[in-house]
2 protein chains.
Amino acid sequence: MATNKPLERPKSLGQVLTFATAATGAMCQELLAAHDLTLAQWVILSALWRRDGMLVSEIADYTGNNAPAASRIIDRMAERGLVTRVPDGEDKRVVRVHVTEMGLGLKHLEDFHERVNTQLLEGISAEEADTLFRLLRQVDANARRATGSGAEMAGKQLRGQAGEGNE
Amino acid sequence: MATNKPLERPKSLGQVLTFATAATGAMCQELLAAHDLTLAQWVILSALWRRDGMLVSEIADYTGNNAPAASRIIDRMAERGLVTRVPDGEDKRVVRVHVTEMGLGLKHLEDFHERVNTQLLEGISAEEADTLFRLLRQVDANARRATGSGAEMAGKQLRGQAGEGNE
DNA sequence: GGCATAATGTTTACACGGAAATGATTTACA
DNA sequence: TGTAAATCATTTCCGTGTAAACATTATGCC
């Protein structure tokens with residue numbers, strides 16, 4: 001029927017970024033579905049496998065979300081029995097998140113992101129991949145600089161454990 | 001307090017993509033908030049400014065979402081008075097979305113994406129920007145190829161109006 | 001010690017995205 | 001012609017993300 005040919009999309013970096021990210025996310029979700037895990041849950045698990053007992057705020061900082069989002073994902077992970085919340089003895093505001101046996105049972109997914117990386121970078125040379133990482137970090141920095149008068153986000157940059165890590 | 005230094009994030013393309021996209025989206029949302037528009041709403045408006053009366057399915061295809069998502073965003077846009085739903089005379093299944101006067105009043109935001117582009121690409125040469133677009137499309141294609149047995153998405157690729165910018 | 005302030009986590013309200021199911025309509029074809 | 005299949009839009013359910021308000025607890029400063 002296609003009376004009209006599809007409307008052309010303007011050449012927009014945001015658009016290409018969004019599409020690539022959505023496709024990547026969909027691929028990850030599909031791969032993780034076999035283990036009844038969402039991508040957001042895997043990200044948190046992969047952090048806890050390396051450092052058990054992280055605070056909710058640390059997890060939020062790690063994943064790049066704000067605390068409410070992290071808190072809710074932890075809710076679901078706790079319902080599924082992947083983690084438990086343990087109130088801290090010293091600081092009574094603090095909640096430490098611990099992996100359960102069941103959560104440890106998925107530790108074979110530790111290198112999931114590496115398999116995804118190779119999948120995504122197929123047909124792209126190592127040099128080009130480096131360029132891609134560098135440019136994406138630059139775009140990220142440009143966007144953050146232009147946001148919120150640049151102020152309150154100071155601590156939330158994409159930490160440069162690649163570009164020229166000034167850390 | 002930082003008893004622990006923040007946990008290192010692994011070098012994952014998905015992670016960098018997600019962060020760059022989130023930062024870009026946040027920047028757009030902040031810029032559009034002055035006009036009481038969300039990014040998703042602007043994307044649809046920018047399509048309708050060029051082709052009024054698109055079908056919901058065409059809009060969904062244009063934005064890269066599924067129909068339910070598009071339908072809901074159109075709901076909110078209709079509530080805000082930006083668009084109206086008009087049942088089609090010939091095909092009674094179809095709903096055409098039309099911009100209202102109020103929606104046309106925002107047409108000065110037509111080139112919003114171009115301003116975002118320049119903002120995001122600051123400090124990046126034209127050649128590097130081309131490389132970035134090319135690599136992102138490659139990553140997108142790689143992800144889609146690995147998803148859903150590659151079948152049903154046939155029509156939803158990132159249309160290559162950029163092979164080499166034929167615009 | 002006592003009080004203002006900050007930090008931590010949660011809840012609520014809103015916007016967005018995907019999958020599946022449903023209703024209505026159109027098309028295909030037998 | 002008449003029924004099955006395809007198409008279009010919507011609804012519902014779930015997961016995620018942001019912002020704002022809130023309760024609880026720590027901290028700092030007098």
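Residue numbering restarts at 1 for every chain, and letters A, B, ... go by the order of the sequence lines.
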**Q** Can you tell if the side chain of A:Gln15 reaches within under 4.5 Å of the side chain of B:His113, non-hydrogen atoms only?
**A**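 The answer is no; the side chains never approach within 4.5 Å.
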**Q** Supply the members, apart from A:Val94, of the Ile/Leu/Val/Met/Phe/Trp/Tyr cluster built from side-chain contacts under 4.5 Å; use none for a lone residue.
**A**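 The other cluster members (ILVMFWY side chains, heavy atoms under 4.5 Å, direct or chained) are A:Leu55.
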**Q** Please state how far atom CG in A:Leu32 lies from atom P in D:dG15, giving the value in whole angstrom units.
**A**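 From A:Leu32 CG to D:dG15 P: 15 Å.
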**Q** Compare all side-chain heavy atoms of A:Leu13 with those of B:Val116 and state whether any distance is below 4.5 angstrom.
**A** no
**Q** With a 4.0 Å cut-off, would you call B:Asp91 and B:Arg96 a salt bridge?
**A** no
**Q** Is a donor-acceptor contact shorter than 3.5 angstrom present between the side chain of B:Arg93 and the base of C:dT26?
**A**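 By the distance-only test, no, there is no pair.
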**Q** How many Å lie between CD1 on B:Ile44 and C1' on D:dA9, as a whole number?
**A** 14 Å
**Q** Would you say A:Ser57 reaches C:dG9's phosphate, i.e. side-chain N/O to OP1/OP2 under 4.0 Å?
**A**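 Answer yes for this pair, as a side-chain N or O of A:Ser57 is under 4.0 Å from OP1 or OP2.
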**Q** Applying side chain to side chain contact (heavy atoms under 4.5 Å, CB included), name anything that partners A:Ser125, two or more places apart in sequence or on another chain.
**A**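 With neighbours one apart ignored, the set is A:Glu127, A:Glu128.
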**Q** How far does the helix from C:dG1-D:dC30 to C:dA30-D:dT1 bend, going by the axes of its first and last five pairs, to the nearest 10°?
**A** 10°
**Q** Can you tell me if B:Ser71 touches the phosphate of D:dA9, counting only side-chain N or O atoms and a distance under 4.0 Å to OP1 or OP2?
**A** no
**Q** By ring pair (Phe, Tyr, Trp, His ring centres under 6.0 Å), which residues pair with A:His35, not counting sequence neighbours?
**A**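 Here the qualifying residues are A:His108.
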**Q** Look for any protein N or O under 3.5 Å of an N or O in nucleotides 14-18 of chain C and output each such pair with its distance, or none.
**A**
residue: C:dC16; atom: OP1; partner: B:Thr38; partner atom: OG1; Å: 2.3
residue: C:dC16; atom: OP2; partner: B:Arg76; partner atom: NH1; Å: 2.7
residue: C:dG17; atom: OP2; partner: B:Asn65; partner atom: ND2; Å: 3.3
residue: C:dG17; atom: N7; partner: B:Arg72; partner atom: NH2; Å: 3.1
residue: C:dG18; atom: OP2; partner: B:Asn66; partner atom: N; Å: 3.4
residue: C:dG18; atom: OP2; partner: B:Asn66; partner atom: OD1; Å: 3.3
residue: C:dG18; atom: O6; partner: B:Arg72; partner atom: NH1; Å: 2.7

**Q** What integer distance in Å separates B:Asp88:CG from D:dT10:P?
**A** 13 Å
**Q** Short question: side chain of B:Trp42, backbone of B:Leu109 - any donor-acceptor pair under 3.5 Å?
**A** yes
**Q** With heavy-atom distances below 4.5 Å as the criterion, would you say the side chains of A:Ile44 and A:Gln41 are in contact?
**A**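 A side-chain contact under 4.5 Å is absent here.
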**Q** Enumerate the residue pairs fulfilling salt bridge (Lys or Arg N to Asp or Glu O under 4.0 Å) with a member in residues 36-48 of chain B, sequence neighbours excluded, ordered by first and then second residue.
**A**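 As it turns out, the salt bridge (Lys or Arg N to Asp or Glu O under 4.0 Å) pairs with a partner in residues 36-48 of chain B, which skip direct neighbours, are B:Asp36-B:Arg80.
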**Q** How many whole angstroms separate atom CH2 of A:Trp42 from atom C1' of D:dT16?
**A**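 Distance, rounded to whole Å: 17 Å.
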**Q** Check the distance between C:dT25's P and B:Leu55's CG and give it to me in whole angstrom.
**A**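 Atom-to-atom, B:Leu55 to C:dT25, this comes out as 17 Å.
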**Q** In whole Å, I'd like the distance from the CD atom of B:Glu90 to the C1' atom of C:dT26.
**A**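 To the nearest whole Å, that distance equals 13 Å.
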**Q** Tell me: CZ of B:Phe19 to P of D:dG17, nearest whole Å?
**A** 10 Å
**Q** Can you tell me the distance, in whole Å, between the CE atom of B:Met77 and the C1' atom of D:dA9?
**A**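 After rounding, the gap between these two atoms is 17 Å.
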